[in-house]
**Student:** 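Here it is: the structure, laid out below.
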Amino acid sequence: MNFDNYMKIKFSSKSQNESFARVVVASFVSQLDPTIEELADIKTAVSEAVTNAIIHGYENSSEEVVIECKIIGNTIIIVIEDSGNGIKDIELARQPLYTSKPELERSGMGFTVMETFMDEVYIESEEGKGTKIQMTKKIKVVQNGE
Amino acid sequence: MRLKFEVMDNILVVYLDGELDHHSAEEVREDIDNNIDSRNIRNLIFELSNMNFMDSSGIGVVIGRYKKIDKSGGKVGVVNSNPHVDRIFQMAGIYKIIHKYKTKDEALANIQRGE
Ligand SMILES: Nc1ncnc2c1ncn2[C@@H]1O[C@H](COP(=O)(O)OP(=O)(O)O)[C@@H](O)[C@H]1O
Ligand SMILES: [Mg+2]
C-alpha cells in the first residue's frame with residue numbers, strides 16, 4: 001500500500017504503557033495539524049484498543065502489543081494488534097455496555113468510544129490467535145483565514 | 001494521577017488531577033473507597049477541572065462509586081467536566097443517574113439540601 005508516512009512500535013502489555021501509546025500516536029498525528037478535539041478523540045480511541053489488548057487479549061500476562069500508523073493524505077490509519085485470546089463473538093463484543101469482565105468495573109463502552117471518535121473501526125479476531133483493530137480518521141483541513 | 005480530597009460534613013469532594021485510564025483507575029478506586037469508608041461519607045462530588053484525559057475506564061470508576069454511595073442513599077455529583085469527558089459520560093448515560101453541576105458550591109448547596 002502507498003502511504004506518505006509510516007511508523008511502528010512494539011511494547012510490553014503493561015498498563016503503564018497505555019499513556020505511552022496514546023502520546024506516541026498523538027505526536028505522530030500532529031504533523032497533520034489536528035485540532036485539540038481531534039487529538040483527544042484519537043488518544044481516547046488508542047487508549048481503548050491498547051487497554052483491551054492488555055486486559056482482555058493477554059489478561060495481564062506480559063506479552064507484546066504492536067501499533068502501526070500510516071498517513072495517507074489527511075487520513076490517519078492506526079492498527080493495534082495483540083496475539084492474545086481473541087474475541088469469540090465480535091458482534092456481541094461491540095454492543096454498548098457489553099463486557100466480559102464486569103468484576104473489574106469495566107463499562108463495556110470501549111468499542112462504542114472507538115466507533116464514536118473515529119471514522120471507521122474494523123475488528124479482526126480469531127480465538128486463541130489474537131485481535132487486530134484498524135481505525136481511520138480523516139483530519140479536517142483548516143483553510144487559512146478561517 | 002494526583003488525588004486531592006476535601007470533606008464537608010458528610011460530603012467528600014475528590015479532585016481528579018491528571019489522566020484517568022485503566023492504569024490509574026485501580027489506585028483512584030481504592031483511594032476514594034478508603035476515604036468513603038474511613039471518614040463517614042454519605043455523598044460524593046467529582047471535581048474534574050484538572051482531569052486532562054479520560055477513557056471508558058473512567059465510566060467504570062464513576063459508576064462503581066455511584067453504586068457504593070447509592071446503597072446508603074447518598075448522592076453523587078460531577079463538577080467542571082470538559083466537553084470531551086461529557087461526551088464519554090453521555091454515551092454511557094451517566095448523567096441520567098449523576099447530576100452535573102456548574103460549580104463546586106452549587107453542588108455542595110444542592111447536596112446539603114438533599115436534592
Ligand atoms: N483485544 C481483545 N482481546 C480479547 N477480547 C477482547 C479484546 N478487545 C475486546 N475484547 C472483548 O470485547 C468486550 C468489549 O470490549 P469493550 O467495549 O472495550 O469493553 P470493556 O473493555 O469495558 O469490557 C470485552 O469485554 C472483551 O470480552
Ligand atoms: Mg475496553
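These numbers come from the heavy atoms of this one structure, side chains and all, not from hydrogens, waters or symmetry mates. Residue numbers start from 1 in every chain, and the chains themselves are labelled A, B, ... in the order their sequence lines are given, proteins ahead of strands.
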**Student:** Quick one: do B:R65 and A:E105 satisfy side chain to side chain contact (heavy atoms under 4.5 Å, CB included)? Show the steps, please.
**Tutor:** CA-CA 10 Å; B:R65 291 332 106 224; A:E105 287 195 349; 2.6 Å; yes
**Student:** Please determine, among B:G64, B:A92, B:S57, the option with the most heavy-atom pairs under 4.5 Å with chain A.
**Tutor:** B:S57
**Student:** Rounded to the nearest 0.5 Å, how far does CE of A:M109 lie from CZ of B:F89?
**Tutor:** 11.5 Å
**Student:** For B:H84 and A:F117, I'd like to know if the aromatic rings sit close, meaning centre-to-centre distance below 6.0 Å.
**Tutor:** yes
**Student:** Find the distance between OG (A:S47) and NE2 (B:H23) and round it off to the nearest 0.5 Å.
**Tutor:** 11.5 Å
**Student:** Do A:T51 and B:H22 have side-chain atoms, one donor and one acceptor, less than 3.5 Å apart?
**Tutor:** no
**Student:** Hydrophobic cluster membership, with links at side-chain heavy-atom distances under 4.5 Å among I/L/V/M/F/W/Y: are B:L3 and B:V76 in one?
**Tutor:** yes
**Student:** Do B:V7 and B:L44 share a hydrophobic cluster, counting only Ile, Leu, Val, Met, Phe, Trp and Tyr and linking them when any side-chain heavy atoms are less than 4.5 Å apart?
**Tutor:** yes
**Student:** I'd like to know whether A:R22 forms a side chain to side chain contact (heavy atoms under 4.5 Å, CB included) with B:D21, so could you lay out the CA-CA distance, the side-chain angles of the two residues, the decisive distance to 0.1 Å, and finally the verdict.
**Tutor:** CA-CA 11 Å; A:R22 51 184 191 258; B:D21 60 6; 2.9 Å; yes
**Student:** Measuring heavy-atom distances to chain B, does A:D41 have an atom under 4.5 Å in its side chain, in its backbone, in both, or in neither?
**Tutor:** both
**Student:** As an exercise: rank B:S56, B:G60, B:G93 by heavy-atom pairs under 4.5 Å with chain A and give me the winner.
**Tutor:** B:S56
**Student:** If you count the non-hydrogen atoms of other residues, nucleotides and ligands that lie under 6.0 Å from CD in A:Q95, is the total more than 12?
**Tutor:** yes
**Student:** Same hydrophobic cluster for B:M54 and A:I42, using side-chain heavy-atom links shorter than 4.5 Å among ILVMFWY?
**Tutor:** no
**Student:** Pick whichever of A:S107, A:G108, A:A45 has the most heavy-atom pairs under 4.5 Å with chain B.
**Tutor:** A:S107
**Student:** Is chain B contacted by the side chain of A:K43, its backbone, both, or neither, given a heavy-atom distance below 4.5 Å?
**Tutor:** both
**Student:** A:V113, A:T44, A:I54, A:T99: which one forms the most heavy-atom pairs within less than 4.5 Å of chain B?
**Tutor:** A:T44
**Student:** With hydrophobic residues grouped by side-chain heavy-atom distances under 4.5 Å, do B:V13 and B:I41 end up in a single group?
**Tutor:** no
**Student:** Do B:E19 and A:S19 have side-chain atoms, one donor and one acceptor, less than 3.5 Å apart?
**Tutor:** no
**Student:** Given a strict heavy-atom distance threshold of 4.5 Å, which part of A:I55 is in contact with chain B: side chain, backbone, both, or neither?
**Tutor:** side chain
**Student:** What pair of heavy atoms forms the shortest contact from B:R87 to A:T116, and how long is it?
**Tutor:** NH2-CG2, 3.8 Å
